[in-house]
Amino acid sequence: MTVTSKGEESGAVLEVEDLSVEFPTDDGIVRAVRGVGYRLEPRESLGIVGESGSGKSVTALAVMGLLPGSARVRGSVRFEGTELLGLSDARLSDLRGSGIAMIFQDPMTSLNPVYTVGYQITETLVRHQPGLKARAARARAAELLGIVGIPSPERRVDSYPHEMSGGMRQRVVIAIAMANDPDVIIADEPTTALDVTVQAQILDALQTARAETGAALVLITHDLGVVAGHTDRVAVMYAGRIVETGSVEDIFYTPRMPYTLGLLGSLPRLDREEERLTPITGSPPSLLNLPPGCPFAPRCPMRREPCDASEPAPRRTGSDTHLSACHFADELVDTGAGEVFDAVGADAAALARFADTVNAPEEDSV
Ligand code: ADP
Ligand code: MG
């Protein structure tokens, strides 16, 4: 599915088209990503949301050329017009250094424990500006640490990663991403390991990095709440596919895929903080032997005959840029304008029906 329907004309920085990834295993072929597509305009931000195992990380790793050799990758990934699939390791690693930066859940994936954070930032700076003098590089490193919210940055340049908290390390990773001056930042669950207060600060630091570098952002998370204030558009993934995509407003106010409604249902309510709305129960299907039909059907309160027969193609619902892969997308009534969380509340009837059905014994789930 392509997120925008702008046709061929392309100022896009990143275009992913019909991307599929399969892993041959002893038990069979794991179809981790099945025909994912999106395009990212300069400076735009896209949230990719879905439960664990829905193919979010594999999609990101495929874009970055970081999948293990056993992975079978098909489709197209174009960065500023250049096809990345099939590119040599050397060219890809150049690109990772400059064009596209990736931020992982665990900052230690990107940091080297034996060098100070200052050294790691200046190394990146000098790679981009070979003439840069040591003192200027150090000053810029401290400045970058300050920009991402690290206190006493002039002192902190001499710290080693293990001398910092998880949140501070993640800020360092963001500072390094900025030093690369990327056109695209892909952040894969950058805040998942952190507590809620620190999460918000890291998301802010990410926005700062975006503003300073002019990079477009792909923010991957299992938590719809994280994308609410931080991305322009949202793509919801389920069982290796994008099942709904639209603007943040489309997704929060007028979700047209029962799975999205379920994700919204598991958001905490602001008015009754102690209470959570109905979460989705059951688990996602195995990607080893997907039955025909909609992979969400076994957990879906709206399941009917066509759902088991064929997997719905994503199609336009509501606005031009709002797509849903549900046979019955148009039966999901608009929740209307209002506060995001009110909107969820306004759809209480649908959620209650959802809860009744989904919480029933799951004899027919996979
Ligand atoms: P998410 O990031 O959405 O939690 P992933 O993209 O990590 O999910 O994984 C998608 C699916 O691909 C999962 O079922 C996972 O087990 C499978 N997978 C990921 N990497 C491999 C691999 N190297 N070999 C086999 N299966 C894999
Ligand atoms: Mg992941």
Side-chain angles (χ1 to χ4, degrees), residues 1 3 14 16 18-38 46-75 77 84-85 89 100-110 166 170 173 185-194 199 202-203 206 217-227 230-231 234-245 251 257 259-260 262-263 266 279-280 282-291 294-296 298-299 311 325 365-366:
M1 179 193 301
V3 168
L14 186 63
V16 177
D18 203 16
L19 181 72
S20 298
V21 181
E22 295 177 348
F23 297 102
T25 70
D26 291 345
D27 300 320
I29 292 169
V30 175
R31 302 181 64 201
V33 177
R34 305 181 301 124
V36 163
Y38 61 80
L46 171 71
I48 298 185
V49 187
E51 281 164 296
S52 172
S54 55
K56 306 182 298 294
S57 293
V58 171
T59 300
L61 293 171
V63 168
M64 298 294 288
L66 290 173
L67 286 171
S70 64
R72 293 187 204 146
V73 186
R74 275 176 294 124
V77 176
L84 300 190
L85 295 190
D89 283 349
I100 313 182
M102 182 135 182
I103 296 171
F104 297 93
Q105 176 175 334
D106 175 7
M108 289 313 286
T109 309
S110 324
Q170 198 60 299
V173 173
I185 298 174
I186 301 180
D188 189 358
E189 310 257 9
T191 64
T192 300
L194 306 169
Q199 263 188 29
I202 296 299
L203 290 170
L206 209 48
L217 173 70
V218 179
L219 178 59
I220 299 169
T221 172
H222 64 277
D223 182 356
L224 255 182
V226 164
V227 302
H230 291 96
T231 67
V234 181
V236 177
M237 279 192 79
Y238 191 78
R241 300 189 82 190
I242 294 180
V243 293
E244 181 167 10
T245 180
I251 299 297
M257 166 73 199
Y259 177 61
T260 310
L263 286 179
S266 60
I280 313 168
S283 31
S286 158
L287 299 175
L288 262 176
N289 295 299
L290 274 173
C294 171
F296 187 61
R299 304 166 79 185
E311 187 165 8
S365 71
V366 185

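Atoms within each ligand, like the ligands themselves, are counted from 1 in listed order.
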What atoms of ligand 1 come closer than 4.0 angstrom to any heavy atom of S54? 1 (P), 3 (O), 8 (O)

Looking only at heavy atoms, the pair that brings I220 and A60 closest together is CD1-CB, 3.6 Å

E311 bridged to R31 by N-O distance under 4.0 Å: no

Would a distance-only check, ignoring hydrogens and angles, find a side-chain to backbone donor-acceptor pair under 3.5 Å from K56 to T221? no

Suppose we measure from atom 13 (C) of ligand 1 to each protein heavy atom; which comes out shortest, and what is that distance? G53 O, 4.0 Å

Protein heavy-atom contact under 4.0 Å for atom 8 (O) of ligand 1? yes

the protein heavy atom lying closest to atom 23 (N) of ligand 1 turns out to be F23 CE2, 3.6 Å

Going by the atom numbers of ligand 1, which of them fall below 4.0 Å from some non-hydrogen atom of A32? 11 (C), 12 (O)

Ligand 1 contact by E51, heavy-atom criterion under 4.0 angstrom: yes

Carboxylate-amine/guanidinium contact R34 E22, below 4.0 Å: no

Using a plain distance cutoff, I'd like to know if T59 has any nitrogen or oxygen under 3.5 Å from a nitrogen or oxygen of ligand 1. no

Evaluate K56 for polar contact with ligand 1, using N/O atom pairs at a separation under 3.5 Å. yes

Could you give the distance from CG (L206) to OG1 (T191), rounded to the nearest 0.5 Å? 9.0 Å

Over all atoms of both residues, closest heavy-atom pair of V21 and A62: CG2-CB, 4.0 Å

Write out the residue and atom name of the closest protein heavy atom to atom 17 (C) of ligand 1, then the distance separating them to 0.1 Å. V30 CG1, 4.1 Å

Between E51 and Y259, do the side chains contain a donor N or O and an acceptor N or O under 3.5 Å apart? yes

Heavy-atom contacts with L287 under 4.0 Å: which atoms of ligand 1 show up? List them by number with element. 11 (C), 14 (O)

What part of V58, side chain, backbone, both or neither, has a heavy atom within less than 4.0 angstrom of ligand 1? both

Could you check whether atom 15 (C) of ligand 1 has a protein contact, counting only heavy atoms that fall below 4.0 angstrom? no

So if I count the atoms of ligand 1 from 1 in the order they appear, which ones are less than 4.0 Å from some heavy atom of S52? 4 (O)

Backbone of G35 reached by a side-chain donor or acceptor of S20 within 3.5 Å: yes

No-hydrogen, no-angle side-chain donor-acceptor test under 3.5 Å, T192 and Q105: no

Single hit among V49, L203, I48 for side-chain contact (heavy atoms from CB on, under 4.5 Å) with V227: V49

Would you call G55 a ligand 1 contact, heavy-atom distance under 4.0 Å? yes

Is any N, O or S atom of Q105 under 2.8 Å away from the Mg ion (ligand 2)? no

